[in-house]
Number of protein chains: 2
Amino acid sequence: MSNVKGKGHCQSCQIRHLSIFAQLPTVRLVEIQAFQPSVVIYAPDETVYHQGDPAANAYTLRKGLVKLTKTLPNGRTQIVRVLRTGDLFGFDGFASEPYNHTATPLSEIEVCRLPLGELMELKKQNPEIENTMMRRWIQHLRQAEDMMLELGAKKASERLASFLIRWCEGTGGSWVVLPLSRGEIGELLGLTIETVSRFLSDWKRQGFLNEQRGSIQIQSVDGLRKVACASGNC
Amino acid sequence: MSNVKGKGHCQSCQIRHLSIFAQLPTVRLVEIQAFQPSVVIYAPDETVYHQGDPAANAYTLRKGLVKLTKTLPNGRTQIVRVLRTGDLFGFDGFASEPYNHTATPLSEIEVCRLPLGELMELKKQNPEIENTMMRRWIQHLRQAEDMMLELGAKKASERLASFLIRWCEGTGGSWVVLPLSRGEIGELLGLTIETVSRFLSDWKRQGFLNEQRGSIQIQSVDGLRKVACASGNC
DNA sequence: CGGCTCATTGATGCCGATCAATTATAGTGG
DNA sequence: CCACTATAATTGATCGGCATCAATGAGCCG
């Protein structure tokens, strides 16, 4: 089961600069003594919340990675987003809606549980928070639009290649952790395990990339980019 | 070219109850004399803005329908959203980003052009606006997630059927305008013209639906629903 | 070691894209 | 009003990409 580690201490929080409280002057934090979110640990076999649950809390990811998924009654699953440290999630309650997806850890994670009511109050009183959240929603929306383009207009190899490029962006050919199984990559890109596996094997053979226990390394961005843009796109 | 019809008069606006100013007390509107958005007309062969343009204005749709599209260099296009009366769009500027998609009328439209700076000021001073916008962003995000599930996890017939059901939702079998060409439906659902045409013809033959110059009528929601849930989903 | 899950690889089949031809539909100008 | 053109929709034939089915191999843990 999930495990409450203790109360959070925003003032000394290591990842505050990544959170929605980044822009908030530290002085203000001192004033907000009433706000003491819980830090909670989840194992990969648990879920933080389920699609359809009443959205009583929002969360900030402190450690690890989280996948947000939607599942059809027949079991087909789509990953709609992968979260990283500092990301806010589970905020459907702000629109008086239940959670629209399920949040599952990809490894052991640590989150900050923010009760909806308190967070709303805090947001109301601090325009910096308001502003940061707004910018993030817009960014999410933009990413969602990008993803729709991927899913609707690109073919398998293009989707996979541009996903890998995006995942390793800015790392200049060094090793990057990719804690997603073949199946999960498939669920993210609307492909089957086999298709993902085939292309990856292919590209490893061609020397475009390297893989070792959950980490990958792009050896030829150009090679991948050529695949991603096979039909003349980018 | 686009045609500025004149200055907007928020106080007497017919569609204000659908806009982001819905929750704003009318009294407050009187105070905001400085804010006088332009009402602009666009023809179907123009665009309101292009993907990549600096986002200087946001817009509220007053009349007609708008499609938001993203296009790959090779020409493949994805419709990421279809807008209706009252919808706010083109707000990327709030996150200091250029437009992420292109906005094109599906018919002659009338929009309210809201200069970013003024709108931001207005939002800052009126929590009701802030709140309404926030709720809408979250709703958009939810819809985007739903769409990703459609595109990633469903097959052609399922996507098309559930799209039609959604489009005609709550109209109880009466005629509904559908001002999208086969090609545009395809661009929305990640399908080709031919595939869309084939299924529609098929379903018309089976008596599931009826069509007449840009309007459709669902005669058997059950029939369609069975197609949409062919693999046991919903 | 044996049992588990995950990844790989091959063989086959089907869905939907592509190519191609015909038929509506709307708009234009004589 | 009708012929003429342009565009959209339909329908058929074919092809190929990806899913599906199936078997084997690799890593991991008790």
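What you see is a predicted model, and the numbers here were worked out from it, not measured in a lab. Residue numbering restarts at 1 for every chain, and letters A, B, ... go by the order of the sequence lines.
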| Closer than 4.0 Å, any side-chain N/O of B:T195 to the OP1 or OP2 of C:dA17? | yes

| note | The side-chain contact (heavy atoms from CB on, under 4.5 Å) partners of B:P44 (sequence neighbours excluded) come to none

| note | Residues in residues 177-185 of chain B with a heavy atom under 4.0 Å of DNA chain C, by number, are none

| remark: Separation of C:dC14 atom P from B:K155 atom NZ, nearest Å, is 12 Å

| task | Grab the NZ-C1' distance between A:K154 and D:dC18 for me, whole Å please. | result | 18 Å

| field | For atom CG of A:N74 and atom P of D:dA19, their distance in whole Å | value | 15 Å

| Of all residues at least two apart in sequence or in a different chain, which pass the side-chain hydrogen bond (donor to acceptor under 3.5 Å, both in side chains) check with A:R136? | none

| request: Tell me, please, which residues at least two apart from A:R213 pass side-chain contact (heavy atoms from CB on, under 4.5 Å). | output: none

| query | Taking only residues two or more places apart in sequence, or in another chain, which ones meet B:W167 in a ring pair (Phe, Tyr, Trp, His ring centres under 6.0 Å)? | reply | B:F163

| message | From CD1 of B:I193 over to C1' of C:dT18, roughly how many Å is that when rounded to an integer? | response | 12 Å

| Contact class for B:G186 (heavy atom, under 4.0 Å): base, sugar-phosphate, or nothing? | nothing

| message | Does this structure show an ion pair linking B:D87 with B:R84, if we count only N-O contacts that are shorter than 4.0 Å? | response | no

| query | Quick check: does any side chain N or O of A:S197 sit under 3.5 Å from a backbone N or O of A:I193, one acting as donor and the other as acceptor? | reply | no

| Between B:L189 (CG) and C:dG16 (P), how many Å, whole number? | 12 Å

| Can you tell if the side chain of B:P98 reaches within under 4.5 Å of the side chain of B:D53, non-hydrogen atoms only? | no

| message | From C-beta outward on B:S201, which listed nucleotide comes closest to its side chain: D:dC18, D:dT20, D:dT10? | response | D:dT10

| request: Identify whether any heavy atom of B:L191 sits under 4.0 Å from a base atom; if not, whether one sits that close to sugar-phosphate; answer base, sugar-phosphate or nothing. | output: sugar-phosphate

| Out of C:dT18, D:dA9, D:dT20, whichever nucleotide has its closest atom nearest the side chain of B:S197 | D:dA9

| message | Counting only side-chain heavy atoms from C-beta out, which of C:dA11, C:dC19, D:dA9 sits nearest to B:E194? | response | C:dC19

| task | Would you tell me whether A:T77 and A:T71 have side-chain atoms, one donor and one acceptor, within less than 3.5 Å of each other? | result | yes

| message | For the residue pair A:S162 / A:E150, report whether a side-chain donor-acceptor contact shorter than 3.5 Å exists. | response | yes

| field | Strand contacts (DNA chain C) in residues 202-218 of chain A, 4.0 angstrom heavy-atom criterion | value | A:K204, A:R205

| message | Using whole Å, what does the distance between atom P of nucleotide D:dG17 and atom CD of A:E158 come to? | response | 11 Å

| field | Integer-rounded Å distance: D:dA9 P and B:F199 CZ | value | 17 Å

| Whole-Å distance between C:dT12 P and A:R198 CZ? | 13 Å

